[in-house]
2 protein chains.
Amino acid sequence: MAYRSTERVKARLSASRERIVAAALEVMAGHGYAGCSVAAVAEHAGVATGSVYRHFPTKADLFAEVFRTASQREVDAVARAAALRATVAEQVSAVIETFSGRALQSPRLAYALLAEPVDPAVDAERLVFRRAYAELIAGYVAAGVASGELPPQDPGLTATALVGALAEAMVGPLAAGVAGPSTIPSLIMFIHRALGVSP
Amino acid sequence: MAYRSTERVKARLSASRERIVAAALEVMAGHGYAGCSVAAVAEHAGVATGSVYRHFPTKADLFAEVFRTASQREVDAVARAAALRATVAEQVSAVIETFSGRALQSPRLAYALLAEPVDPAVDAERLVFRRAYAELIAGYVAAGVASGELPPQDPGLTATALVGALAEAMVGPLAAGVAGPSTIPSLIMFIHRALGVSP
DNA sequence: GCAAAGAGTGAATGATGGTTCAATCCTTGC
DNA sequence: GCAAGGATTGAACCATCATTCACTCTTTGC
């Protein structure tokens, strides 16, 4: 024998793989999913089109991972912000502020992650994204119910509905590129009422 | 001259056009937007593929009309149900019950109208659909605020958030084909709280 | 019945863009 | 240096449909 995969090569391979995912994310942030042909992503990553298929069996698999990565980053940021707060009311405010602040920072990406028409296989990943948010929030809601800060309710349903409300309220502003000054405070009020936070 | 469009022909044309729209709706209700190739729709309507283009310049135009028609029907049904009620609380309950009842009756169609990945040009029509719901609800909310039944709030934002919550809460059940027995009542409770309906 | 012109047809066309693969380049161990 | 194999390339391939168009069928007014 004369060739055997070595650490150095493995590292280069995984670096290359990551560069492709990062490039896909950047192209998506710049031109939406619609602008993400495999050729465009490959060029942005500085590899040949065919090389993408060394790492991902199909385009859908690549973008499933892109969505997973980006979603995780978003959920983590939101979770980190909420973890600093003590009451459910504050935690949920932090969720909304962080979510919408980040979305407005990269509206194209946020739109792609939330609502842009994508391949059905990638769409499935979107549901995971939304469920991750819902589960994060459901935890806070459940704690709030247990401590008596919130009235009795189904934390899962509350969280799901809350994610829907948040996403829907942001789609308009995302299309416009900015939110009106009262959008975020109004949304917080709405959601505090929905949770049953005592005034 | 020897041929001139006559009433009889005009009627046949518009009947044919309607049959195409109806066929598209049926195919969509059966196999989702994904199953709606122009050929499949044409066959279902009993016309040749090319004939579709006698009535619609592009597939996107056809489905824009399909979405518009179906959405109008849904919004009308919801509006009719809500109009029979006196208080905002009852009106909104009627909206939720009618919306989710109809969605669960034709889950494939509801999924296509609400969330399935479609051509971006058709997606635009979806926003109109959601805005129509939001405006209907905003009217009730505004009236409730004016009469003092609801606390002060931005009716437009409340309605938008409410539509998002409703849609999101239904996506899971639609995928499963049924809603858990407590989904609808829980959702009504959530939304009553969100509106600030006094208990 | 007939000529004119619109309506209807459906196989062929064409655009798009994901996927493949023969050729080439690198890396490895000796 | 070299042979064995893996990695990389990117132009060619191909599948999918939306769209077209040359042709046929109907309708119309005379």
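The chains referred to below are lettered A, B, ... by the order of the sequence lines, with proteins before strands, and numbering in each begins at 1.
Of the options L25(B), L62(B), V38(B), a side-chain contact (heavy atoms from CB on, under 4.5 Å) to I20(B) is made by L62(B) and by none of the others.
Between the CG atom in L162(A) and the CZ atom in F190(A) there is a gap of 8.0 Å [rounded to 0.5 Å].
Rounded to an integer number of Å, the gap from OH of Y33(A) to C1' of dG17(C) is 11 Å. Atom CZ of F63(B) is separated from atom C1' of dC17(D) by 13 Å (rounded to the nearest Å). In this structure, H55(B) atom NE2 and dG6(C) atom P are separated by 16 Å, rounded to whole Å. If you measure from atom CZ of R17(B) to atom C1' of dG8(C), you get 17 Å, rounded to the nearest angstrom. Regarding D119(B), its CG atom lies at a distance of 14 Å from the P atom of dT16(C), rounded to whole Å. In this structure, CD1 of I20(A) is placed 13 Å from P of dA7(D), rounded to the nearest angstrom. Whole-Å rounding puts the E43(B) CD to dC17(D) P distance at 15 Å. The interatomic distance linking L13(B) (CG) with dG6(C) (C1') rounds to 9 Å, in whole Å.
Annotation: salt bridge (charged side-chain N to carboxylate O under 4.0 Å, His left out) contacts of E116(B) (sequence neighbours excluded): none. Checked against side chain to side chain donor-acceptor pair (under 3.5 Å), E26(B) has the following partners two or more places apart in sequence or in another chain: H44(B). Scored by the side chain to side chain donor-acceptor pair (under 3.5 Å) test, R68(B) finds E125(B) as partners (sequence neighbours excluded).
Applying the 4.5 Å side-chain rule to ILVMFWY residues, one finds L127(B) in the same cluster as V171(A).
The local environment of CD in E43(B) is sparse, with at most 12 non-hydrogen atoms from other residues, nucleotides or ligands closer than 6.0 Å.
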**Request:** Take D76(A) and R73(A), measure what salt bridge (charged side-chain N to carboxylate O under 4.0 Å, His left out) needs, and give me the verdict at the end.
**Result:** CA-CA 5 Å; D76(A) 285 351; R73(A) 182 193 296 178; over 6 Å; no
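A close approach under 4.0 Å does not occur between any side-chain nitrogen or oxygen of R12(B) and OP1 or OP2 of dT26(D).
When ring centroids are compared, F67(B) and F63(B) stay outside the 6.0 Å threshold.
Rounded to 10 degrees, the angle between the two end axes of the helix from dG1(C)-dC30(D) to dC30(C)-dG1(D) is 10°, with five pairs used at each end.
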**Message:** Within the 4.0 Å limit for protein heavy atoms, which parts of nucleotides 18-24 of chain C are touched? Write it as a string from 5' to 3', B for base, S for sugar-phosphate only, - for none.
**Reply:** SBB----
